[in-house]
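Heavy atoms only: backbone and side chains are in, while hydrogens, waters and symmetry mates are out. The shown structure was predicted, so the numbers you read here are calculated from the model rather than taken from an experiment.
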Amino acid sequence: MKKLKRFIISVLLFISFFGSKTVAYAQEIEEITAPTGFNAFLSLIPLILILVLLFLKVDMIFAGLAGGVVAMLLVGIGIEQVNEELMEAIPTMLTITVPIINSAVAMAVFKSGGYSAALELAKRGTKGKVEYVSGFIVILLAAATYMSGIGGGSAMMIAPLAFAAVGVVPELIAGMSLAAAVSFTTSPASLETSVVSELANLPVGEYVATMRPYWLFYVVVAVILAFIGTKRRDIGFKEDETNEFQEMATGQLAKMTVPAIFLLFAVIFGPLVNGWIGFDFFNPLVYMVITLLLIFICTRFTLNETGEAMIDGSSYILTRLFQVGIFLTFINVIAQTGVFTLIANITNYAPTAIVVPVAVLTGILIGVPAGAYVGSILILILPVVISLNFSPLAIGMVTMGVGLGSQMSFVNITMQALSSGFQVPILDIVKGNIRWIGLASVLLLIVSFIFG
């Protein structure tokens, strides 16, 4: 701990000595521009500091604070402006309402025994071949994310089921992360697709159609990863210590799974059904109320227990969104140094033959430290990419690259959801994902070189 304190103090002294002499003040900056020369080196220090502290298991708030203070010294931002950022960042995160509702309702289903009943049925149906269930879980997450456009909310629903079925399997977690990333970056309903459509002046339908084959390809890769990883570990289904569900009749188990099936149907196929019938029937209010009523009807929970389970289930994601909002404040401060523009501008210097892979790599690298809110990252880097006259496919691959980078981020909501669902520290999730998502990123670079 003493070494850590000395390290932080040394960095702050270094910046305060050099930074004040070389970097323009924030009030003089009308738009964020990429720093040059020694300033470019200095602008990287806040990001490097944050990453080092996170890997040293320092809480993300204090890691972000350390990087933010360094950025404040570099750019000359005052406490007043940082406070304004905080007042905007936290409400922004807490207005991500759908994941909050999905998380709360999913936890109510989980506590009522819906997922455990589904697990027992899966055991009986697959006769102990847990790797098939592992692959199915990845498909489920991919479908839920693609149809809803929200990776974190879908992961919050499905991760407890995965944990209950097979336990902590790094390849399964990585497969779920990969499936989520490629789904929310190519979904017809996601914020990320909306950002791409708006900035690139590209119809949503055209972008989605262009990226669909690559989405399907990566989902297949994610399923294979989860299947093989689970199979080679030669594990069985986790045992129910109480034997409560093992003694239930199949019909009773099926009845208990009805709330979970309905909720997953509403999230996955709801948007499709809404399009068919011409109005927004399967909205969060409707499927929340119906799911809660189904829990009361189909399980042993009373109305009061059902309501309490939902409210308790919201606590995790609400606290995490609050935490990420604080961290995002410091990321926004760091963005004022121009470091993200600097990284994105590297693409301009790449040879024509590899300009798309370099842009994809840039997206991946930015997604790692700043992956809390992928949509906001795209707003920072896509204008640079679009100015290079990239095709819709190339733009989509850059977007997908940011998504993959976010799955190695400590502050991404999907990662937080997986950490909660599998009941392991997020550091373990990140370490496991670095290997497999890293390989998936390399594969994306190869694909972008060939087809981009």
Side-chain angles (χ1 to χ4, degrees), residues 1 3-16 18-19 23 26 32 34-35 39-77 79 81-82 85-86 89-90 92-93 320-344 346 361-374 376-377 380-381 402 404-416 419 425-431 433-434 437-438:
M1 187 56 70
K3 290 182 178 178
L4 179 60
K5 289 180 181 177
R6 289 174 184 169
F7 172 69
I8 295 174
I9 291 170
S10 298
V11 171
L12 292 176
L13 290 174
F14 177 81
I15 296 300
S16 63
F18 286 103
V23 185
I32 300 175
N39 293 354
F41 165 73
L42 289 177
S43 70
L44 293 169
I45 292 177
L47 278 184
I48 295 171
L49 177 60
I50 287 177
L51 291 174
V52 169
L53 292 178
L54 288 174
F55 275 100
L56 290 175
K57 300 184 180 181
V58 174
D59 184 273
M60 73 165 69
I61 291 178
F62 292 102
L65 175 61
V69 169
V70 172
M72 288 170 67
L73 292 172
L74 281 173
V75 189
I77 293 177
I79 294 176
Q81 187 174 341
V82 177
E85 291 281 0
L86 179 68
I90 292 178
T92 297
M93 297 308 297
R320 288 302 176 271
L321 287 173
F322 177 73
Q323 184 182 33
V324 169
I326 296 174
F327 183 86
L328 189 59
T329 300
F330 301 120
I331 289 294
N332 289 339
V333 171
I334 290 171
Q336 294 294 320
T337 67
V339 64
F340 295 125
T341 308
L342 171 68
I343 297 173
I346 293 173
L361 178 61
T362 299
I364 294 168
L365 294 176
I366 294 178
V368 175
Y373 206 34
V374 171
S376 62
I377 302 172
L380 285 172
I381 69 171
V402 176
L404 291 181
S406 74
Q407 299 308 293
M408 296 180 280
S409 170
F410 288 88
V411 294
N412 182 262
I413 297 173
T414 305
M415 300 286 284
Q416 297 282 349
S419 173
I426 194 167
L427 178 63
D428 293 343
I429 302 288
V430 172
K431 285 181 177 178
N433 277 10
I434 284 176
I437 302 298

Report task. Can you see which heavy atom on Thr337 is nearest to which on Ala71, and at what distance? Result -> CG2-CB, 3.8 Å
Requested in this report: Kindly indicate, with the supporting measurements, whether the criterion side-chain contact (heavy atoms from CB on, under 4.5 Å) is fulfilled by Ile77 and Glu85.
Outcome: CA-CA 11 Å; Ile77 293 177; Glu85 291 281 0; over 6 Å; no
Report summary line: For Val70 and Pro46 the tightest heavy-atom approach is CG1-CG, 3.8 Å
Query raised in the report: For Leu65, what residues pass the side chain to side chain contact (heavy atoms under 4.5 Å, CB included) criterion, not counting sequence neighbours?
Result: Phe62, Val69, Phe330
Requested in this report: Give the intermediate values and the outcome of side-chain contact (heavy atoms from CB on, under 4.5 Å) for residues Ile334 and Ile50.
Outcome: CA-CA 11 Å; Ile334 290 171; Ile50 287 177; 3.3 Å; yes
Report summary line: Closest non-hydrogen contact found for Ala89 with Thr329 is CB-OG1, 3.5 Å
Report summary line: On a heavy-atom basis, the closest approach of Gly68 and Val333 is O-CG1, 3.9 Å
Query raised in the report: Gln416 side chain to Phe410 main-chain N or O, any donor-acceptor pair under 3.5 Å?
Result: yes
**Report entry** Gap between atom CD1 of Ile364 and atom OG of Ser406 - 0.5 Å precision
**Finding:** 10.5 Å
Query - For the student: nearest non-hydrogen atoms of Val430 and Met415, plus distance - result: CG2-CE, 3.7 Å
Report task. Starting at OG1 of Thr414, measure out to CD1 of Ile429 and round the result to the nearest 0.5 Å. Result -> 11.5 Å
Query raised in the report: Heavy-atom distance under 4.5 Å between the side chains of Met72 and Ile79, does that happen here?
Result: yes
Query raised in the report: So, for Ser419 and Pro425, which heavy atoms are closest and what is the spacing to 0.1 Å?
Result: OG-C, 3.8 Å
Query raised in the report: How many angstroms lie between CD1 in Ile90 and CD1 in Ile326, if you round to the nearest 0.5 Å?
Result: 4.5 Å
